[in-house]
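Below is one structure, written out as structure tokens; the observations come after it.
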2 protein chains.
Amino acid sequence: MTAQARGLHARVLDSLGPAITGGEYPPGSVLRTDELAQRFEVSRSVMREAVRVLESMHLVASRRRVGVTVLPAEEWNVYDPQVIRWRLAGADRPRQLRSLTVLRSAVEPVAAGLAARHATAGQCAALTEYALGMVATSRGRQLEAYLVHDIAFHRTVLNASGNEMFARLGDVVAEVLAGRTHHDVMFEDPDPAAVTLHVRLAEAVREGDAAGAEALTREIAEGALRELDILAP
Amino acid sequence: MTAQARGLHARVLDSLGPAITGGEYPPGSVLRTDELAQRFEVSRSVMREAVRVLESMHLVASRRRVGVTVLPAEEWNVYDPQVIRWRLAGADRPRQLRSLTVLRSAVEPVAAGLAARHATAGQCAALTEYALGMVATSRGRQLEAYLVHDIAFHRTVLNASGNEMFARLGDVVAEVLAGRTHHDVMFEDPDPAAVTLHVRLAEAVREGDAAGAEALTREIAEGALRELDILAP
DNA sequence: ACACCTAAAAAGTCAGACTTTTATGTCACA
DNA sequence: TGTGACATAAAAGTCTGACTTTTTAGGTGT
């Protein structure tokens with residue numbers, strides 16, 4: 001799954017990135033490039049490239065005569081897919097999953113409304129197909145197969161919105177859905193009501209019913225929030 | 001304004017980044033590190049660091065024996081503040097401003113609803129202050145002063161939501177508001193209706209009226225969309 | 001107590017040599 | 001004519017060492 005040989009600097013990042021986002025180095029901690037290079041057994045050049053990447057993510061700031069300072073979490077580029085992955089892999093995964101789900105609940109309804117206006121015939125067909133796939137795999141503990149269709153469905157809606165900012169959240173949504181299936185409470189089959197909502201959403205988009213699509217997505221989102229006890233009952 | 005001496009690699013990025021996001025190198029274009037280093041008159045080490053950063057933004061991909069390939073726009077990390085700034089400075093600024101405004105219209109209402117539940121007393125006071133500041137500067141062509149309050153207002157709402165993903169959109173909103181004032185049609189004083197909505201929003205948040213805050217923000221967002229002719233009248 | 005000056009620490013820069021991967025072209029053989 | 005193995009070279013990747021620049025901390029002198 002994870003490519004092994006995509007460069008030394010990337011391997012350093014795989015180790016150092018999660019350590020920082022995981023709070024192993026509290027904000028204000030000072031690292032020195034040379035020391036890090038020794039620790040990871042790479043040359044200074046490689047370590048410098050890794051630090052540059054961390055710097056571009058606003059995880060650290062590098063200053064002369066001081067060193068590489070870890071920045072507080074409020075500074076981090078939390079929309080960077082890499083940072084999201086690191087954080088989801090770390091200890092505060094639950095909190096991260098919550099904030100991302102709230103983001104979804106804001107974005108996806110509007111995206112669905114736009115999709116109803118802009119979706120191509122091909123996208124509509126794809127949506128119907130994925131929705132039917134969800135129906136077919138919604139019973140009998142086929143969670144993995146269900147997840148594939150669920151991800152494809154939501155990704156298609158975001159792409160069909162025609163807004164690139166929405167489209168680029170496809171990966172985030174995929175991570176959230178996968179996280180929910182794999183790590184959180186999901187011992188049982190998906191909620192049949194949610195499955196029905198997806199089928200109806202596919203219909204609404206196909207028929208160009210923007211208001212309906214938005215409302216249905218809002219219902220789906222509320223279900224997701226309720227699962228995480230974010231929404232009051 | 002723009003720091004001049006924050007490293008050679010940063011200066012290279014200031015030049016190369018906008019060139020790429022501006023479409024000067026179409027997707028698939030191949031650059032060579034050595035050639036770039038010569039062109040910008042820096043050492044290979046410095047150029048390599050710059051390329052690493054571009055790579056982490058998914059603007060380019062570096063492959064052995066091939067070179068540094070410019071990736072298609074769908075791959076770009078469009079949530080990276082740096083990338084956003086580069087694109088807003090470039091030719092497709094209008095398109096960018098539209099997609100960001102649509103994003104705002106999705107996120108801010110939900111953020112405002114959360115802010116009504118979670119805002120601290122200090123944040124409520126700040127909101128009221130900024131809203132009054134907007135009122136005071138809404139007439140007589142004081143656009144710059146108005147903008148400052150407008151930005152502070154929206155940033156405070158996003159922060160008060162208590163969701164870090166929302167909070168981190170403060171910079172984006174600031175860019176959009178500034179862009180609207182500075183480059184787009186804004187010869188006249190702000191819409192009085194919009195100003196009133198902000199005052200009422202501050203009240204709603206203070207009173208913990210989540211539904212009201214959300215609805216008011218939706219109205220504000222609709223105004224912004226209409227300004228860009230995104231919303232049907 | 002304050003201003004100024006010096007020294008050192010760490011990042012930043014550069015140049016050159018070497019290694020590794022891999023696209024491509026070539027040549028023999030079927 | 002096609003195909004597969006092999007050689008070649010191009011470009012990124014890595015390492016090392018020397019040097020420069022900035023900036024902090026500490027000392028010195030009035």
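In what follows, chains carry the letters A, B, and so on, assigned in the order in which the sequence lines appear, proteins first and then strands, with residues in each chain numbered from 1.
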Can you give one letter per nucleotide of nucleotides 12-19 of chain D, going 5' to 3': B for a protein heavy atom under 4.0 Å from the base, S for sugar-phosphate only, - for none?
BBBBBBB-
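- Aromatic ring centroids of B/H198 and B/H154 lie under 6.0 Å apart.
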Pair up each side-chain donor or acceptor in residues 62-86 of chain B with any protein partner under 3.5 Å, not counting sequence neighbours, and list the distances.
unit_1 : atom_1 : unit_2 : atom_2 : d
B/W76  : NE1    : B/L71  : O      : 3.1
B/Y79  : OH     : A/M165 : O      : 2.5
B/D80  : OD1    : B/Q82  : N      : 2.8

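- Classification of A/E175 and A/R180 as a salt-bridged pair fails, no side-chain N sitting under 4.0 Å from a carboxylate O.
- The backbone N or O of B/R32 sits nowhere less than 3.5 Å from a side-chain atom of B/E35 that would complete a donor-acceptor pair.
- Using modelled atom types, one finds a donor on one side chain and an acceptor on the other under 3.5 Å when comparing A/H182 with A/E144.
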